[in-house]
Amino acid sequence: MPPSAKSDGPLNGRVALVTGSAKRLGRAVALRLAQEGADVVVHHRSSSAEAQSAVAEIKKLGRRAVAVAADLSKLSEIKRLFEETAKQFGRLDILINSAANFLHTEFEATSEETWDASLDTNLKAPFFCAQAAAPLLKKNHGVIINFADVGGLLGWTGYIPHCVSKAGIIMLTRCLAKELAPEVRVNAIAPGTITMSGDPPELEADYIKRAPLRRSGTPVDIAETVLFLVHAKFVTGQVLVVDGGRTL
Ligand SMILES: NC(=O)c1ccc[n+]([C@@H]2O[C@H](COP(=O)([O-])OP(=O)(O)OC[C@H]3O[C@@H](n4cnc5c(N)ncnc54)[C@H](OP(=O)(O)O)[C@@H]3O)[C@@H](O)[C@H]2O)c1
């Protein structure tokens with residue numbers, strides 16, 4: 001692929017892969033990294049049209065971008081995603097593990113399928129993405145940012161597999177930070193409720209009551225935190241809780 005048309009920006013020449021970046025938080029993060037100069041792999045599973053529109057928006061910023069589809073619950077597809085990244089860009093500097101599901105399941109009704117679906121996508125996939133990315137990231141002092149959730153700290157009824165998967169992400173972040181040091185830094189973000197268009201308004205109203213800062217988060221809050229962690233060169237193995245004080 002030819003170099004980016006635009007050469008300004010602190011992340012110019014770097015390549016970022018953001019899982020689940022066709023829509024919502026992942027997309028906001030992908031666009032923000034592109035604004036900072038990065039070329040981007042827009043990973044998605046089923047949202048192909050949205051992924052193509054994210055690619056078009058990134059290209060308008062003068063950056064290179066490709067959309068790659070993969071079901072991250074399957075190891076073979078994870079391997080293909082990183083092979084395709086290496087083929088298209090020849091390097092990887094930033095891996096953002098954002099893709100996840102958010103499955104509600106009452107304790108008595110929780111099935112093996114729901115348990116596996118939560119853990120496979122939310123915890124197993126970020127591990128194997130990190131494993132597949134590590135050889136590329138190590139070459140350039142790269143960065144991994146995992147998405148946890150305040151549910152991985154607080155624990156919610158009706159969401160045990162989800163909360164366990166996100167608690168696992170916190171420990172995965174610490175283990176990977178040690179495993180991949182000193183070449184690669186690994187951190188996590190644990191967002192509170194982030195409000196986006198289409199989300200039920202009662203979700204935001206409930207959060208405003210509970211969070212000391214009296215608001216829910218925005219995708220910009222998360223994208224700015226990602227940028228902070230990308231640039232924070234002495235920070236590794238940490239979980240940054242971005243929740244308006246909800247967990248205090
Ligand atoms: N939104 C919030 O308020 C909030 C709060 C706390 C934590 N978080 C965390 O922040 C991250 C982003 O949140 P979000 O709300 O933007 O996420 P989301 O909309 O629920 O999911 C993001 C993307 O993940 C992809 N995905 C799901 N299962 C997949 C699989 N098996 N293989 C590949 N891709 C898969 C989907 O891609 P396709 O659409 O292409 O299928 C989806 O668009 C998640 O890790 C989430 O747990 C979010």
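No experiment lies behind these values; they were computed from the predicted model shown. By convention here, the first residue in the shown sequence is residue 1. Counting starts at 1 for both ligands and their atoms, in listed order.
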Let me have the donor-acceptor pairs involving side chains of residues 133-146, under 3.5 Å, with sequence neighbours excluded, atom names and distances please.
residue	atom	partner	partner atom	Å
H141	ND1	E183	O	3.4
N146	OD1	N97	ND2	2.8
N146	ND2	T173	OG1	3.0

Side-chain ion pair, E57 and K60, N-O less than 4.0 Å: no
Partners meeting ring pair (Phe, Tyr, Trp, His ring centres under 6.0 Å) with F102 (sequence neighbours left out): Y159, H162
Can you produce the list of protein nitrogen or oxygen atoms under 3.5 Å from a nitrogen or oxygen of ligand 1, alongside each distance?
residue	atom	partner	partner atom	Å
ligand 1	3 (O)	I194	N	2.8
ligand 1	3 (O)	I194	O	3.4
ligand 1	15 (O)	R24	NE	3.3
ligand 1	15 (O)	R24	NH2	2.8
ligand 1	16 (O)	L25	N	3.1
ligand 1	19 (O)	R24	NE	2.7
ligand 1	21 (O)	A100	O	3.4
ligand 1	24 (O)	A100	N	3.4
ligand 1	28 (N)	R45	NH1	3.4
ligand 1	31 (N)	D71	OD1	3.1
ligand 1	31 (N)	T121	OG1	3.2
ligand 1	32 (N)	L72	N	2.9
ligand 1	39 (O)	S47	OG	2.5
ligand 1	40 (O)	R45	N	2.8
ligand 1	40 (O)	S46	N	3.0
ligand 1	40 (O)	S47	N	2.9
ligand 1	40 (O)	S47	OG	3.3
ligand 1	41 (O)	R45	NE	3.2
ligand 1	41 (O)	R45	NH2	3.4
ligand 1	41 (O)	S46	N	3.1
ligand 1	41 (O)	S46	OG	2.6
ligand 1	45 (O)	S98	O	2.7
ligand 1	45 (O)	K166	NZ	2.9
ligand 1	47 (O)	K166	NZ	3.0

Test side-chain contact (heavy atoms from CB on, under 4.5 Å) applied to A67 - qualifying residues, sequence neighbours left out: H44, A51, Q52, V55
Donor-acceptor side-chain pairing of S53 and R27 below 3.5 angstrom: yes
Backbone N/O of P219 and side chain of R32: donor-acceptor pair under 3.5 Å: no
